There are 2 protein chains.
Amino acid sequence: MQIDPGGERPPARVRPASQHLHRLVELSSEFERGLARELGINLTDLEAMEHLIQDGPLSPGDIARRLGISAASVTIAVDRLSAMGHVSRQPNPLDRRGVLISATPDSRQRTMSVLMPMIFAVDGVLDEFEPEQQATITRYLLRVTDRYQEKVDRLGD
Amino acid sequence: MQIDPGGERPPARVRPASQHLHRLVELSSEFERGLARELGINLTDLEAMEHLIQDGPLSPGDIARRLGISAASVTIAVDRLSAMGHVSRQPNPLDRRGVLISATPDSRQRTMSVLMPMIFAVDGVLDEFEPEQQATITRYLLRVTDRYQEKVDRLGD
DNA sequence: CTAATTTAGTTAGCCTAACTAGTGAATACT
DNA sequence: AGTATTCACTAGTTAGGCTAACTAAATTAG
């Protein structure tokens with residue numbers, strides 16, 4: 001039940017490109033949710049898996065720093081993932097206190113089989129454009145991320 | 001403690017534009033987290049606020065549908081937001097069972113004062129490009145969102 | 001026109017996943 | 001050598017979802 005009390009609301013002064021960008025951000029979190037559901041894990045654990053697949057093996061401390069959660073929470077997350085066969089713990093040969101977490105080959109493959117088509121689908125859009133157009137697109141995205149980064153950095157001032 | 005066991009890992013076969021795009025998605029959720037922290041509310045409540053500011057007033061049921069959470073959870077969220085003075089409940093004049101939630105002017109302004117500069121910063125990047133380059137960028141983003149949408153739709157098959 | 005069903009919002013109680021604090025073992029300082 | 005720090009983990013707490021059940025109002029059926 002939505003009621004519009006009259007037209008004193010911020011109009012959409014923003015160009016279509018920016019609207020698409022916003023929509024893209026929404027879609028990407030929908031995609032992550034869907035992928036997590038497909039793998040039967042939660043979003044945090046999926047994020048950990050992505051780091052492990054991309055850059056693993058990682059220590060629990062690494063994962064904690066990357067996800068911005070506590071080491072204690074990572075212990076629990078690794079327990080969950082390990083119980084489902086998604087990751088395994090190995091002793092760190094360089095530090096006898098330490099542990100290294102790796103994604104299991106099976107889980108890596110299962111995740112990649114969903115992730116890679118998405119990655120290539122997005123990257124493939126560039127092939128529809130001429131090299132100089134691609135350069136324009138790249139420059140635009142770089143400029144936008146730069147501005148975003150500035151805003152993020154200045155949030156706590 | 002990251003250890004690279006040797007170079008049998010998926011190389012970055014993806015072009016810079018796609019990497020920037022991925023970075024952008026990460027930054028945007030960082031921004032949301034920062035904004036939520038700044039307002040002293042959680043991410044769910046922030047998402048509700050954004051809908052209320054953009055399209056409000058909304059019924060609790062509307063909010064539940066938009067956020068993909070249960071109506072019961074919305075009741076609690078509105079309680080939280082209301083206790084902090086971010087929203088208020090009004091009876092729905094068209095349905096005596098119903099309630100309408102609106103963002104308070106104060107909170108609306110506070111949120112907008114962070115959101116608008118970000119929105120304009122991103123939109124403003126387009127001004128650095130010629131009209132035909134802007135058209136290219138728009139077309140690219142539209143194509144990417146389309147592909148993203150397809151992938152999202154086909155996640156549960 | 002009354003009775004049954006549906007819809008809206010809320011309340012109560014449960015579960016997941018985060019957090020902080022504290023522990024034992026290994027490593028790093030000096 | 002002795003102290004301090006770092007690492008992963010455990011225990012206990014808290015936040016914020018969920019489902020189920022309830023009340024009140026609106027709608028539909030007989």
Side-chain angles (χ1 to χ4, degrees), chain A residues 1-3 29-30 32-34 36-37 39-52 56-84 86-102, chain B residues 1-3 29-30 32-34 36-37 39-52 56-84 86-102:
Chain A
M1 175 71 44
Q2 178 185 336
I3 288 188
S29 70
E30 260 186 73
E32 293 283 301
R33 270 200 301 273
R37 189 163 31 79
L39 295 173
I41 63 183
N42 68 38
L43 280 175
T44 303
D45 295 1
L46 173 60
E47 202 179 341
M49 286 299 298
E50 287 172 349
H51 284 279
L52 287 169
L58 299 173
S59 73
D62 283 332
I63 298 173
R65 274 182 292 276
R66 284 168 181 246
L67 305 200
I69 65 179
S70 69
S73 301
V74 172
T75 296
I76 310 295
V78 171
D79 286 347
R80 280 193 299 262
L81 288 169
S82 173
M84 302 187 64
H86 287 305
V87 304
S88 64
R89 286 180 167 96
Q90 297 101 33
N92 183 340
L94 304 178
D95 185 339
R96 278 192 292 173
R97 298 166 301 180
V99 167
L100 289 177
I101 319 296
S102 358
Chain B
M1 175 72 44
Q2 178 185 337
I3 289 187
S29 69
E30 260 186 76
E32 293 283 301
R33 271 200 300 274
R37 189 163 30 78
L39 294 173
I41 62 182
N42 68 38
L43 280 175
T44 304
D45 294 0
L46 174 59
E47 203 180 339
M49 285 301 297
E50 287 172 348
H51 284 280
L52 287 169
L58 298 173
S59 74
D62 283 332
I63 298 173
R65 275 182 292 277
R66 284 167 181 246
L67 305 201
I69 65 179
S70 69
S73 300
V74 172
T75 295
I76 310 296
V78 170
D79 285 347
R80 280 192 299 263
L81 288 168
S82 174
M84 302 188 62
H86 286 305
V87 304
S88 64
R89 286 180 168 96
Q90 297 101 31
N92 182 339
L94 303 179
D95 183 339
R96 276 193 293 171
R97 297 167 302 180
V99 166
L100 290 178
I101 318 297
S102 1

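Residue numbers begin at 1 in each chain, while the letters A, B, ... track the order of the sequences. FYI, side chains are in, hydrogens and waters are out, and symmetry mates aren't considered; it's all heavy atoms of this structure. Just so you know, these numbers come straight off a predicted model, no measurement behind them.
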* What is the distance, rounded to the nearest whole Å, between atom CD1 of A:Ile76 and atom P of D:dG12? -> 13 Å
* Asked: Hey, is the side chain of B:Arg80 poking within less than 4.0 Å of OP1 or OP2 on D:dG17, counting only N and O atoms?
  -> yes
* Between A:Val74 and A:Arg65, is any pair of side-chain heavy atoms under 4.5 Å apart? -> no
* Rounded to the Å, how far apart are B:Asn92 CG and C:dG9 C1'? -> 12 Å
* Asked: Rounded to the Å, how far apart are B:Leu100 CG and C:dT10 P?
  -> 11 Å
* Does a side-chain N or O from A:Thr44 land closer than 4.0 Å to OP1 or OP2 of C:dA18, or not? -> yes
* To do: Might you work through the side chain to side chain contact (heavy atoms under 4.5 Å, CB included) test for A:His86 and A:Ile41, ending with a clear yes or no?
  => CA-CA 10 Å; A:His86 287 305; A:Ile41 63 183; 3.8 Å; yes
* **Length of the line joining A:Asp79:CG and C:dT16:C1', which is rounded to integer Å** => 14 Å
* In whole Å, what is the span from the CG atom of A:Leu43 to the P atom of C:dT16? -> 16 Å
* Between CZ of B:Arg80 and OG1 of B:Thr44, what distance do you get to the nearest 0.5 Å? -> 7.0 Å
* Structure fact -> To the nearest angstrom, the CG-P distance between B:Asp45 and D:dG17 comes to 7 Å
* **4.5 Å side-chain heavy-atom contact, A:Asp79 and A:Ser82** => no
* Asked: At their closest point, which heavy atom of A:Ser73 faces which heavy atom of A:Ser70, and how far apart are they?
  -> OG-OG, 2.9 Å
* Asked: Which part of the nucleic acid, if any, lies within reach of A:Ala72 when heavy atoms closer than 4.0 Å are counted: base, sugar-phosphate only, or nothing?
  -> base
* **Length of the CZ-P vector between B:Arg33 and D:dG16, whole Å** => 15 Å
* Length of the CZ-P vector between B:Arg89 and C:dA8, whole Å -> 16 Å
* Nearest nucleotide by nearest heavy atom, which residue falls closer to the 5' end of DNA chain C, B:Pro60 or A:Ala77? -> B:Pro60
* Going by modelled atom types, is there a donor-acceptor pair between the base of C:dT7 and the side chain of B:Arg97 at under 3.5 Å? -> yes
* So, is A:Ser70 close to the C:dA18 phosphate, meaning a side-chain N or O under 4.0 Å from OP1 or OP2? -> no
* Does a side-chain N or O from B:Arg96 land closer than 4.0 Å to OP1 or OP2 of D:dA26, or not? -> yes
* What nucleic acid atoms does A:Ala71 come within less than 4.0 Å of, heavy atoms only: base, sugar-phosphate, or nothing? -> nothing
* Asked: Can you check whether A:Thr75 has a side-chain N or O nearer than 4.0 Å to OP1 or OP2 of D:dC9?
  -> yes
